[in-house]
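What follows is a single structure, written as structure tokens, with notes after it.
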Amino acid sequence: MHSLDLLSDWPVDRSAAAVVTRDGGTVASRGDLDEVFPLASVTKPLVAYAALVAVEEGAIELDQPAGPEGSTVRHLLAHASGLAFGERTVQTEPERKRIYSSAGFEVLAELVETETGIEFPEYLRQAVFEPLGMPSSSLPGPAGHGAQSSVADLALFARELLDPVLVSRETLAEATSVQFPGLNGLVPGYGMFKPNDWGLGFEIRGEKNPHWTATGNSPRTFGHFGQSGTFIWVDPEISVAAVVLTDRAFGDWAKPLWPALGDAIITEFT
């Protein structure tokens, strides 16, 4: 039995998945890899990556002002701006708390749009989707949770996160390192973590427990999950990434199954 065969027992009607390694590319897959699913918050790493490209192009800077007073692009990417979850209400000063904010990513997208003169969905296409060969991916909705994609496309993005081409290794290393260490905050669906480690658009596993990634994933593992029943994680310690898209909203059903799948993947491919 292969690790991805576990998906056959999941309480979902449709799912697709892929395992990606740095050297081998997509080494395992299951389901219709070209089916397009709504990503929900798995949108955020894609939007963040476009912002990183904009940084390297000189269109924006990580430490330029953006969002609430005292906040920067870096704060928005790291959920440290003080903005509320779904609206542009300031709940606290920057760097006081890790407040998970989709609204912050909408502010970020508007900044990139203003500074580049390109509508953000088109900028995302030009900066990330087109160069990586991701034709099924688009952003028809908000920058915090409105993208859609396929496993085939996200496997290419996972490969980029293992061996970057669109940004420098230094930029990716910074994006996947803890920003504003020590901030406490909520991970949606899992509760409060002290600290709640986050990079630039990527959640970092750290010592969080319980967590949606595998129990065998290293603390450096980074990625994101979405309320639409989607996730992508990358473990740089073992050079393995996993992408799973489903048609069932995240809930208690996923909490034991996602880590179990991750552990099976780690066992099979390391």
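What you see is a predicted model, and the numbers here were worked out from it, not measured in a lab.
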Which heavy atom of [X] sits nearest a heavy atom of [Y], and at what distance?
{"X": "Ile232", "Y": "Trp212", "answer": "O-CH2, 3.5 Å"}
{"X": "Ser102", "Y": "Lys44", "answer": "OG-NZ, 2.8 Å"}
{"X": "Arg159", "Y": "Gly24", "answer": "NH1-C, 4.4 Å"}
{"X": "Glu174", "Y": "Gln179", "answer": "O-NE2, 2.9 Å"}
{"X": "Arg30", "Y": "Leu4", "answer": "CD-O, 3.0 Å"}
{"X": "Ala103", "Y": "Ala84", "answer": "CB-O, 4.0 Å"}

Would you say [atom1] of [X] has more than 12 non-hydrogen atoms from neighbouring residues, nucleotides or ligands within 6.0 angstrom?
{"X": "Glu119", "atom1": "CD", "answer": "no"}
{"X": "Glu122", "atom1": "CD", "answer": "yes"}
{"X": "Arg88", "atom1": "CZ", "answer": "yes"}

**Q.** side chain to side chain contact (heavy atoms under 4.5 Å, CB included) between Val36 and Leu245, worked out
**A.** CA-CA 9 Å; Val36 175; Leu245 305 180; over 6 Å; no

Could you tell me whether the side chain of [X] and the main chain of [Y] form a donor-acceptor pair under 3.5 Å?
{"X": "Asp197", "Y": "Val178", "value": "no"}
{"X": "Ser71", "Y": "Ala66", "value": "yes"}
{"X": "Ser228", "Y": "Ala249", "value": "no"}

Q) Pick from Ile118, Thr116, Val53: which one makes a side chain to side chain contact (heavy atoms under 4.5 Å, CB included) with Gln126? A)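 It is Ile118, the one option of Ile118, Thr116, Val53 that forms the side chain to side chain contact (heavy atoms under 4.5 Å, CB included) with Gln126.
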
**Q.** is_close_aromatic(Trp233, Phe225), centroid dist under 6.0 Å
**A.**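 Not under 6.0 Å, so no.
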
With sequence neighbours excluded, what pairs up with [X] under the side-chain contact (heavy atoms from CB on, under 4.5 Å) test?
{"X": "Ala241", "result": "Val20, Ala158, Leu162, Val234"}
{"X": "Ser15", "result": "Leu7, Val12, Thr246"}
{"X": "Thr176", "result": "Leu172, Phe202, Phe222"}

Q: Mind running side chain to side chain contact (heavy atoms under 4.5 Å, CB included) on Glu115 and Glu61 for me, showing each step along the way?
A: CA-CA 10 Å; Glu115 297 294 332; Glu61 297 178 3; over 6 Å; no

Please list, one pair per line, the donor and acceptor atoms closer than 3.5 Å that link side chains of residues 131-146 to other protein atoms, with sequence neighbours excluded.
| unit_1 | atom_1 | unit_2 | atom_2 | d |
| --- | --- | --- | --- | --- |
| Ser137 | OG | Ser149 | OG | 2.7 |
| Ser137 | OG | Asp153 | OD2 | 2.8 |
| Ser138 | OG | Gln148 | NE2 | 3.3 |

In terms of side-chain heavy atoms, does [X] have a donor or acceptor partner in [Y] at a distance below 3.5 Å?
{"X": "Thr26", "Y": "Ser29", "result": "no"}
{"X": "Asn196", "Y": "Lys97", "result": "no"}
{"X": "Ser239", "Y": "Arg22", "result": "yes"}
{"X": "Ser41", "Y": "Gln227", "result": "no"}

Q | Qualifying ring pair (Phe, Tyr, Trp, His ring centres under 6.0 Å) pairs, either residue in residues 25-80, two or more places apart | A |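 Passing the test, one end in residues 25-80: Tyr49-Phe157, His75-Phe180, His79-Tyr100, His79-Phe105, His79-Trp198.
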
Q) Is there a side-chain contact between Glu160 and Leu166 (heavy atoms, below 4.5 Å)? A)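 Yes, close enough: below the 4.5 Å cut-off.
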
(Q) Could you tell me if the side chain of Val73 sits less than 4.5 Å from the side chain of Asp63, heavy atoms only? (A)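 Not touching, per the 4.5 Å side-chain cut-off.
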
**Q.** Audit row: Leu52, Leu200, side chain to side chain contact (heavy atoms under 4.5 Å, CB included) steps and yes/no
**A.** CA-CA 9 Å; Leu52 296 177; Leu200 300 175; 4.3 Å; yes

Q) Going by the salt bridge (charged side-chain N to carboxylate O under 4.0 Å, His left out) test, which pairs reach into residues 232-250, not counting sequence neighbours? A)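 Of all non-adjacent pairs touching residues 232-250, those that pass salt bridge (charged side-chain N to carboxylate O under 4.0 Å, His left out) are Arg14-Asp247, Arg220-Glu237.
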
Q. Are Glu207 and Lys194 close enough for a salt bridge, meaning some N to O gap below 4.0 Å?
A.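 Lys194 and Glu207: not salt-bridged.
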
